[in-house]
Amino acid sequence: MYPDAVTSSEAVVAAPRVWLRALVDGLGREAEAYVVDANAVVLEAVGEECLAVAARLDELAATITAALESGRTIAATWSRDGEPLSASVTPLNAESAIVAVRRARRRESRFGAIIERASEIVIVTDGGGHVIYANDGTAAALDCATESVLGCSIFDLLHPDDVRGALESFAARVADAAPMGALELRFRRADGGFRVLEIIATNLLADAAVGGVVWHARDLSERREAQQRFRQLFERSPVAQAIVRPNVPGLIANATFADLFGTTRAALATLDASELAHADDRHSLHDDYVRLHAGEVSHIMTDRRYVRVDGESFDGRVSVSALRGDDGGIEFFLITLEDVTAEKRAAEAVASSEARFRALVDNSPDIVAIMYPDGEWEASDQATRLLGYANGFELPGGVLSLVHPEDVSRAAEALQDVLAEVRAAADPLELRLRAADGSYRDFECVGRNLGHDADVGGVVITARDVTQRKRSEHALRAAEERFRIAFEHSPVVISLVKLDGTIIDINPSGCALLGAEYDAVVGTAAELAVHPDDRQHAMDATVRQLAGEEERVEFRMLSTNGEVRWVLSHASLVPARREGDEPYVLTLQADISARKELEAQLQRQATRDALTDLLNRHAVMEHLTHLFARRVREPVAVMFADLDRFKAVNDTFGHAAGDETLRVVADRIRGAVRSEDSCARLGGDEFVVVCEHPGAVDDVLRLAGRVRDRIALPIAVGDTTVSVDASIGVAVASPGDDVASLLLRADAAAYRAKHAGGGRAELAFD
């Protein structure tokens, strides 16, 4: 760090050599010192020449000290134009000293602004690691306010797995005052994520201008991401690539490289790169690496023979690049290798043919033809392969007779433009050419007039078969049209959703289900159409679907008028097809409300008494069995209620009146018990109440009394009023009970209550 612009002169007097060395080391350049009075020493950096430790440091320090002790206002100047260091002390009037002070303070302000606004992170901690300063770069990197980290331990800002190593390194540097080597540490961001930073810590605790440990940090996140992208490109590249590290045996190869040599990546990791080269070519490989190491070149491309593991040799075109680190040393060599055996053989064949055929590429996927001024023409073998004509076939009407009649005029006009050199070679013309079987294929044709080239002497036409591409484009348009028709007319809700959850398209069925117009739905968040209670479930299930972990999910959707509809939903990710496109999510949602309603109805019919809508015998027995499975933790009690005088109601007023009476009794029982209690009708005029966490026995008996009192109230049935009562048996589960014995004890207690006159509750015996 730079020394403070204004420093106590007493410190200079007490330790002039230390102060002067700090000035020299800190500013690292030619400097001046202005001693204004007994209270201020102004340091001012000038020039750019870097200073070493001054040979006359002691002498200069003594001169300044003597000037201070005499109370003089002076200027001390030193420079290094040569050896040794020259120094002088001259009187300085007060006005000049004040100007110097102001100038130094302005420079201090500039230095402070630079540090404060630097993009790099600068943090100062005390000897215990607590942050006493952080610049704006810190706030930007950690996405937090600077004040939020002041006073915090810097180790609390680190990833837990990085704390131990950082503490050990920090403690060692604080102890020996040595600078900390570069460390890669993960710092916590305000959003909970982590950012990888390269840290260099410098111990300036003894520096009066700093008084702390200075942490300089550089953000490595982008570099890490770039490394990851490089790794993915390397691993998935269809090009054979390998990495070799200096003085480290083995190759790090991608799968394409291993396949090229007919071996595995693991096997290549144990081989030296030179072992892959043909024995006769290894000397040239060694020479290339020597040139790369020496820095004569940074990249070499050459042809060399290589040998596969089965002993077969092939011609390879190898590209080797030396990638160097910040220190200039080679970190690794990147090798790209291509099997060019076939290309070399083709080149040898072309070299033996006539000069004009050197302009043709026989192994090109395109047709290459030459039209001469006398009307003769020649074409590459690709014309035979694509169009099916025999080699050297003749066309009675010339080469233009291959062109579809509707395209002939455009072809002739384009040919004239090529001859006049007014048509660019990069401007293709789409033409239909006739094949030997009479069909037509689509081609993109470009021409170039090389009549002035003695080796060619005509117009070179290159025709690329785009039939498949045209068919694919047509098929794509047809598929898109079919999708649009299906999209518009499908009874299933189809929507296209951006990755941020925004609806970008929805079909009419979706608008109908939501009860909203198209323009009111597009642009809104898809989650708003989901019932609030199901949103988290729907979002989690959709994420699993996109990851291929779940086939379908059911949840409720909410229309604008409040109507709730159940849907069966499936989501899939549609990747971007072209550059510039964005991926999106395709969702299909079938309305299953009718099915869910039927399921609920069937569930109710299976578990509910049809007359009273209370639990039926089967359901209450299952409920008790479940409670007994955990009764050690949760006590259970049962009330068994048998109606008194109900037979008289049936006999006197008929079964319809009896059914109405049972419905009223069921409602009264349901209203008398607690919300956590379960009510059931076993059949006839017998009812059961299951009490979870019943409390004391007296509490259960009071609850039974309340049920009996409610039942005993008069009941209006048609034009008359009837009255029934209830004999109730109460049983609290004991350790020896099971479901059957508990109900049996409650039934027996109800029987005793009925024979005791009815209209009362009896506690069952243990």
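Scope of the values below: all heavy atoms of this structure, side chains included, with no hydrogens, waters or symmetry mates. From a predicted model like this one, the values you see are computed outputs, not experimental measurements.
Enclosure of atom NE2 in H299 by more than 12 non-hydrogen atoms of other residues, nucleotides or ligands within 6.0 angstrom is indicated. For R535, the CZ atom counts as densely surrounded, since its 6.0 Å shell holds more than 12 non-hydrogen atoms of other residues, nucleotides or ligands. In this structure, R552 places its CZ atom where only 12 or fewer heavy-atom neighbours from other residues, nucleotides or ligands lie under 6.0 Å away.
Checking side-chain atoms of N254 against main-chain N and O of V239 turns up a donor-acceptor pair under 3.5 Å. R186 places no side-chain N or O within 3.5 Å of a backbone atom of H159 that could act as its donor or acceptor partner. Judged purely by atom type and a 3.5 angstrom limit, E296 has no side-chain atom pairing as donor or acceptor with the backbone of V290. Judged by distance alone, with hydrogens and angles left aside, the side-chain atoms of T542 form a donor-acceptor pair with the main-chain N or O of A538 at under 3.5 Å. Looking at H570, its side chain never comes within 3.5 Å of a backbone N or O of L586 through a donor-acceptor pair. Not a single donor-acceptor pair under 3.5 Å links the side chain of T587 to the backbone N or O of A571. When atom types are taken as modelled, the side chain of E421 and the backbone of V418 share no donor-acceptor pair closer than 3.5 angstrom.
F155 and W215 have perpendicular rings, their planes meeting at more than 60° on a 0 to 90° scale where under 30° would count as parallel.
Note on residues 240-261: no pairs pass salt bridge (charged side-chain N to carboxylate O under 4.0 Å, His left out), not counting sequence neighbours.
Tested against R432, the residues D442, L402, V403 include a single side chain to side chain contact (heavy atoms under 4.5 Å, CB included) partner, D442. A side chain to side chain contact (heavy atoms under 4.5 Å, CB included) with R317 holds for exactly one of T341, D303, D339, L337; it is D303.
Contact check on R345 versus D315 returns a salt bridge, with a Lys/Arg side-chain nitrogen under 4.0 Å from an Asp/Glu carboxylate oxygen. Classification of D288 and R304 as a salt-bridged pair holds, one side-chain N sitting under 4.0 Å from a carboxylate O.
One finds the OG atom of S495 at 8.0 Å from the CG atom of L588 (value rounded to the nearest 0.5 Å).
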Step-by-step side-chain hydrogen bond (donor to acceptor under 3.5 Å, both in side chains) determination, S284 to D281: CA-CA 6 Å; S284 65; D281 289 357; 5.2 Å; no

